[in-house]
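Please read the structure below before turning to the comments.
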Number of protein chains: 2
Amino acid sequence: MPKQKNTKQKIIDAAIELIAKQGYRGASVRKIAAAVGIRESAIYNHFRNKEEILKQIISEIFVTPFEFKDLEEKAKKGKSFLHQFVVAYKLISFDKKKEKLFRVLMIELFQNKGLRESFLQEFHQKDIQQLSKALFIMMQEGLIRSGDPMFMAQEFLAPLFYIRLQVSLLRIDSKSTAPIATQFEKHADFFWESVAL
Amino acid sequence: MPKQKNTKQKIIDAAIELIAKQGYRGASVRKIAAAVGIRESAIYNHFRNKEEILKQIISEIFVTPFEFKDLEEKAKKGKSFLHQFVVAYKLISFDKKKEKLFRVLMIELFQNKGLRESFLQEFHQKDIQQLSKALFIMMQEGLIRSGDPMFMAQEFLAPLFYIRLQVSLLRIDSKSTAPIATQFEKHADFFWESVAL
DNA sequence: CCTACCGATCGGTAGG
DNA sequence: CCTACCGATCGGTAGG
């Protein structure tokens with residue numbers, strides 16, 4: 001039961017769609033309005049200007065993807081925690097809405113200072129923080145070799161990010177993601193073999 | 001002794017600079033011309049249209065960065081080969097011209113189909129091919145544990161790519177890259193510990 | 001939410 | 001390489 005979308009949300013969704021394809025500059029107010037089915041001037045009843053639309057979208061990008069309840073307990077299970085993490089990451093990579101937001105992120109990252117700062121902070125201090133916490137617990141439990149948990153977390157996350165990037169690129173051109181999709185789990189296995197005691 | 005640049009090269013350089021900051025759409029023919037010091041119409045004496053400039057730049061992005069002579073011999077040295085690779089990668093990450101081209105790549109990757117295809121092919125079939133060849137030799141020599149060399153090559157390269165991305169983002173805003181810069185070598189060490197027999 | 005309109009800027013061409 | 005110009009499109013406003 002999708003609830004009735006109000007115009008403001010329609011504008012946001014149309015803008016995400018267009019920016020994900022043509023970037024912020026390419027997503028003109030006119031195109032956004034046309035996609036919604038209104039005149040361009042009507043946009044300004046909902047947003048002060050074009051940039052306000054982008055700001056709203058950016059704030060949607062960084063709604064935390066991962067929130068593990070009972071992190072400490074799950075972390076003690078070692079490998080299965082990493083698998084759970086990877087499966088969650090994979091789901092997000094293939095989620096339609098999240099994928100569009102990921103494209104917006106990648107396109108505007110080099111052109112928008114606020115987005116860059118959010119990326120460097122949020123992306124790190126949310127996913128990596130949780131992951132490093134879990135890795136630290138695994139070290140304490142003697143499940144994995146010791147080391148800097150933050151660094152290890154990045155080692156674990158970076159390949160996932162790279163796979164996600166490839167998935168996103170392949171899907172734009174409607175190419176098969178089957179070969180690459182299995183790499184998520186393969187990475188978790190490889191990483192576990194690398195650090196397990 | 002930088003040789004005298006001709007106008008065509010000046011146009012390319014100005015375009016790279018502008019596209020790296022504002023994207024292809026934001027880099028108008030007028031701005032490019034102004035940066036060179038000519039009128040916009042004069043651009044068309046050197047390029048049929050704006051897109052031709054971008055095509056030229058894209059072709060510059062994929063000039064192979066790594067060509068290891070005596071790959072087989074070097075690969076037999078195991079860890080020191082990986083370190084050499086990482087140092088080369090790091091140098092490229094901090095090279096001014098290469099960094100600008102990297103930004104152009106990242107900005108346009110989601111908006112330019114030709115660029116996407118080059119990225120998925122060249123980026124893979126050059127760096128990864130060589131790396132996997134080296135890893136295969138290391139396996140034969142009994143230096144590292146066995147596995148799919150292509151997959152392992154990607155596992156090695158992906159974190160380097162992610163670090164490079166972060167370096168690039170930090171440098172746009174003139175932030176310190178000191179903490180992140182050491183991660184290149186740390187990654188090589190971590191990877192070696194992960195696979196070494 | 002609409003019609004009507006604004007100045008600025010876009011890629012590109014004509015003609016020299 | 002220039003001046004001069006083109007139609008198209010841009011973000012945004014006035015007024016209803």
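The shown structure was predicted, so the numbers you read here are calculated from the model rather than taken from an experiment. Just so it is clear: chains get the letters A, B, ... in the order the sequence lines come, proteins before strands, and each one is counted from 1. Side-chain atoms are counted along with the backbone in the values below, which use heavy atoms only and exclude waters and symmetry mates.
- Heavy-atom contacts from other residues, nucleotides or ligands closer than 6.0 Å to CD of B:Glu73 number 12 or fewer.
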Contact state string [nucleotides 10-16 of chain C, B base, S sugar-phosphate only, - no protein heavy atom under 4.0 Å]:
BBBB---
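- Counting only residues at least two apart or in different chains, side chain to side chain donor-acceptor pair (under 3.5 Å) contacts with residues 74-84 of chain A comprise A:His83-A:Asp189.
- A:Arg145 pairs by the side chain to side chain donor-acceptor pair (under 3.5 Å) definition with B:Glu193, B:Ser194, not counting sequence neighbours.
- Residues satisfying the side chain to side chain donor-acceptor pair (under 3.5 Å) test with B:Arg164, not counting sequence neighbours, are none.
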For DNA chain D, what dot-bracket results from Watson-Crick or G-U pairs at under 3.5 Å, with [ ] for crossers and | for inter-strand partners?
||||||||||||||||
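- Whole-Å rounding puts the A:Ile38 CD1 to C:dT3 C1' distance at 15 Å.
- Atom CD1 of B:Ile32 and atom P of C:dT9 are 16 Å apart (whole Å).
- Under the ring-ring contact (aromatic ring centres under 6.0 Å, His included) criterion, the residue pairs touching residues 166-196 of chain B are A:Phe151-B:Phe190, B:Phe156-B:His187, B:Phe156-B:Phe191, with sequence neighbours excluded.
- Residue pairs meeting the ring-ring contact (aromatic ring centres under 6.0 Å, His included) criterion with at least one partner in residues 127-150 of chain A, sequence neighbours excluded, are absent.
- Applying the side chain to side chain donor-acceptor pair (under 3.5 Å) rule to B:Gln9 yields the partners B:Asp13; only residues at least two apart in sequence or on another chain are considered.
- Partners of B:Glu141 according to the side chain to side chain donor-acceptor pair (under 3.5 Å) rule, which considers only residues two or more places apart in sequence or in another chain, do not exist here.
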